[in-house]
Amino acid sequence: MLLHLPLSPFRRAAAEAVAAALGVDAVGLAVSTPPDPALGDFAVGCFSASRTLRAAPAALASRVAATFSPGPLLESAAAAGPYVNFRARRAALYADLFARTLTPGGTLVPAAPGAGQTVCIDYSSPNIAKPLSYHHIRSTVIGHALANLHRALGFRVVGINHLGDWGTTFGMILAAFARWGVPEPLTIGGMAERYVAFRKAAETDTSCGDDGRAWFKRLEDGDETARALWRRMREISLTEFDEVYARLGVVFDEVRGESAYEADMPVVLADLERKGLTSISDGALVVDLADCNMPPCLLRKADGATLYATRDLAAAVYRQEQYGFTRSLYVTDSGQALHFAQLKVVLERAGHEWAKRITHVPFGLVRLGGKKTGARTGNVVLLLDVLGEAEAQIDATVARTNPDLTPERRREVARDVGVGAIIFANLQSQREKDVDFELEKVLSFDGDAGPYLQYAHARARSVLRRSGVTDVAALASSADAARLARDEEWQLALKLDAIGDEAARAAESCEPHIVAHYLLELCAAYSRWYALGSQDATLRVLCADDATRAARLALDAAFGATLAGGLAMLGMRAPEEM
RNA sequence: GCGCCCGUAGCUCAGCUGGAUAGAGCAUCGGACUUCGAAUCCGCAGGUCGGGCGUUCGAAUCGCCCCGGGCGCACCA
């Protein structure tokens, strides 16, 4: 893993202070938070330095503290065992926060890390002719969050929806159409029905397999009947998919199916053959990977038809040639780990040094009632149904808690919050954990959940609206940080300051849950501060003292803007009211 | 059989580039709204970090071996 300096200027100053005092490299010094705020704002452990300098960590920490001289960002350093605990200059940190968040286009997430880099992210990538089901949401939402995250950090992002629009599956559906006719008007539901029926028939009727393969061959060979039907299926599917994507607020930079690589595949195969990497095994063209302790990678079936791996190979080359990526991510379920491992090895053997920049970003599967989901078994929940249910429940809640909203506005809010809750639920924990879908659980909106974050945002914005302040940028310069004397205010400020480093960590490890978890903590810090006002009116943002009110409003606005940016990184909306 | 992933409080999960007393939410119990939004906040209680051995000054975190669950492993994607 790459190590770099913290993005927060204050955290960076802490790392550099230790590095300067001890004569070690600041890169790699982890800046953490002391377990008790009374100890300090930032902590740097002297463990790694102790190994290189062959001295006791505690002695090194004392040396750092003794030689520390206050600067514009940090005011003190104290040794506590092996740690050096730093205190930031509060006025400086507040001023920095306000300057970076309250100006138009301001953000605490710097665009430097990704400068000059391009990342391709393959996400969602459903098969056409099957409805988008709940399990599709994982790739869609994780990939979209990773795209937003990288974009926020300054990367050029190419979000790719690599549609599964090619393969024997379509041969089977075409064969089913030939046997039983095309259900009109044709919908995804109709296609899927034929597919399931065909699979079922194939269990007893052995001619089905050959029939399906033959139809796919016809499709590949350009047979016009097959092509026309296939084009129709593709168009109808895309139209239905777009409805769901619009609902989720998910966008792509490139929608390019497997079929787009039809012409490239012979070229890729010829290249591999020329390089002597392929062999024929049982009539199929394969790359033997036994020396890597992997099963062979199948590139062409005995009947001449291409496979998944062939198309992904061609797509990988296309992406490198088209975009020159510095990183290429594939967000798919963990069951495909072997496929991507094979893909990388084959590309490497073909002499593509960029193959090592390809990363599979796996996630655990979604179970339904304890069983694996799948169109083949019919064990699915439609994504639209889940979204609709979430929105209906939120709509009912809003009708109760905020009866002044117009029905139209309420529906908007229900959409933002309902969809947000589903998105957040899918980003909250580590990708690789399997999840068992339970509607009641996904729709429980108390505590650590999407609505908690959006509620905090609505509150922060509501306070700002009531204040009558229209020029937040002016708050940045007029706010007197000395008026922010509460510990709760300071803890909130420290949390805000950390967002850049959290976002960078999330992007680097491809773990959006790092940001999700961070935002929960950020909102908890805000809610704790906000709640002081319900006991004591002088502690409210909108208190009687003008100068104090201005300072608190600046903090409130900084929070609102940062949270909105954080939610946007996860692909969630930040409603003004709810 | 081989390979990969997961196993932390009753439940769902953070914490895992080794480090300061293992943290949240839900559920239970007890508090806090006549005034900035209670979809909130505060508190009580709850843990042999699946088990064992090892490395280390120090292991939930690293290594090895078990146990439990899941997923892959030739013409599906």
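Keep in mind that what you see is a predicted model, and the values were worked out from it rather than measured. Numbered from 1 within each chain, the chains take letters A, B, ... in sequence-line order. Reckoned from all heavy atoms, side chains included, excluding hydrogens, waters and symmetry mates.
In this entry the distance linking CD of A:Q535 with C1' of B:C33 reads 8 Å, nearest Å. For A:L520 and B:G15, the CG to P distance is 12 Å, given to the nearest whole Å. The distance between atom CD of A:Q430 and atom P of B:A60, rounded to the nearest whole Å, is 18 Å. Protein atom CZ of A:F445 is 14 Å distant from nucleotide atom P of B:A27, rounded to whole Å. Atom-to-atom, CD of A:E511 to P of B:U17 comes out at 12 Å; the value is rounded to the nearest Å. Between the CD atom of A:E438 and the C1' atom of B:C11 there is a distance of 10 Å, rounded to whole Å. We find that CD of A:Q336 is positioned 15 Å from P of B:A74, with the value rounded to whole Å. B:A39 atom C1' lies 9 Å from atom CZ of A:R400, rounded to whole Å.
Distances shorter than 4.0 Å separate none of the side-chain N or O atoms of A:Y195 from OP1 or OP2 on B:A77. For B:G15, the OP1/OP2 oxygens have a side-chain nitrogen or oxygen of A:H513 closer than 4.0 Å. Checking the phosphate oxygens (OP1, OP2) of B:C42, a side-chain nitrogen or oxygen of A:R528 falls inside 4.0 Å. Between B:A14 and A:K433, a contact under 4.0 Å exists linking OP1 or OP2 to a side-chain N or O. Checking the phosphate oxygens (OP1, OP2) of B:U40, no side-chain nitrogen or oxygen of A:R459 falls inside 4.0 Å. For A:S462, a side-chain nitrogen or oxygen approaches OP1 or OP2 of B:G37 to under 4.0 Å. Of the side-chain N and O atoms in A:T168, one or more sit less than 4.0 angstrom from OP1 or OP2 of B:C76.
Residue A:R573 places its CZ atom among 12 or fewer non-hydrogen atoms of other residues, nucleotides or ligands, all under 6.0 Å distant.
Aromatic pair A:F42/A:F86: ring centres not closer than 6.0 Å. Checked against the 6.0 Å centroid threshold, A:W166 and A:F216 count as a close aromatic pair. Residues A:F47 and A:Y83 bring their aromatic ring centres within 6.0 Å.
Side-chain atoms of A:D446 stay outside donor-acceptor range of the base of B:A27, with no qualifying N/O pair under 3.5 Å.
Using modelled atom types, one finds no donor on one side chain facing an acceptor on the other under 3.5 Å when comparing A:H517 with A:E511. Using modelled atom types and a 3.5 Å distance limit, the side chains of A:H136 and A:S124 yield no donor-acceptor pair.
Taking every side-chain heavy atom of A:R466 into account, B:G37 is the closest of B:G37, B:U17, B:A20. Among the nucleotides B:C76, B:G70, B:C36, the one closest to the side chain of A:R540 is B:C36. In this structure, of B:G37, B:A77, B:C11, it is B:G37 that holds the atom nearest to the side chain of A:N402. Comparing B:C57, B:G37, B:A20 by their nearest atom to the side chain of A:P35 picks out B:A20.
Look at B:G3: its Watson-Crick or wobble partner, with both distances under 3.5 angstrom, is B:C71. Base pairing of B:U61: no nucleotide in any strand meets the Watson-Crick or G-U wobble criterion (both distances under 3.5 Å). Nucleotide B:A24 is matched to B:U12 when pairs are restricted to Watson-Crick or G-U wobble geometry with both distances under 3.5 angstrom.
At a threshold of 4.0 angstrom between heavy atoms, the contacts of A:A458 include nucleobase atoms, whether or not backbone atoms are also involved. In this structure, A:G335 reaches the sugar-phosphate backbone alone: every heavy-atom distance under 4.0 Å involves primed, P, OP1 or OP2 atoms, never a base. A:P57 comes within contact range of no nucleotide atom at all, as no heavy-atom separation falls under 4.0 Å. Counting any heavy atom pair closer than 4.0 Å across all strands shown, A:L298 reaches a base atom. Contact annotation for A:A305: no contact, since no heavy-atom pair falls under 4.0 Å across all strands.
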Could you walk me through whether A:L163 and A:L238 pass the side-chain contact (heavy atoms from CB on, under 4.5 Å) test, one step at a time?
CA-CA 9 Å; A:L163 295 173; A:L238 271 176; 3.6 Å; yes
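Under the stacking criterion of a centre-to-centre distance below 5.5 angstrom and an interplanar angle below 30°, A:Y83 sits stacked against the six-membered ring of B:A20. Stacking of A:Y455 onto the six-membered ring of B:U40 is not present when judged by under 5.5 angstrom between centres and under 30° between planes.
Taking the syn range as angles within 90° of 0, the glycosidic angle of B:C33 is syn.
Between B:U48 and B:A32, the two C1' atoms lie 37 Å apart (nearest whole Å).
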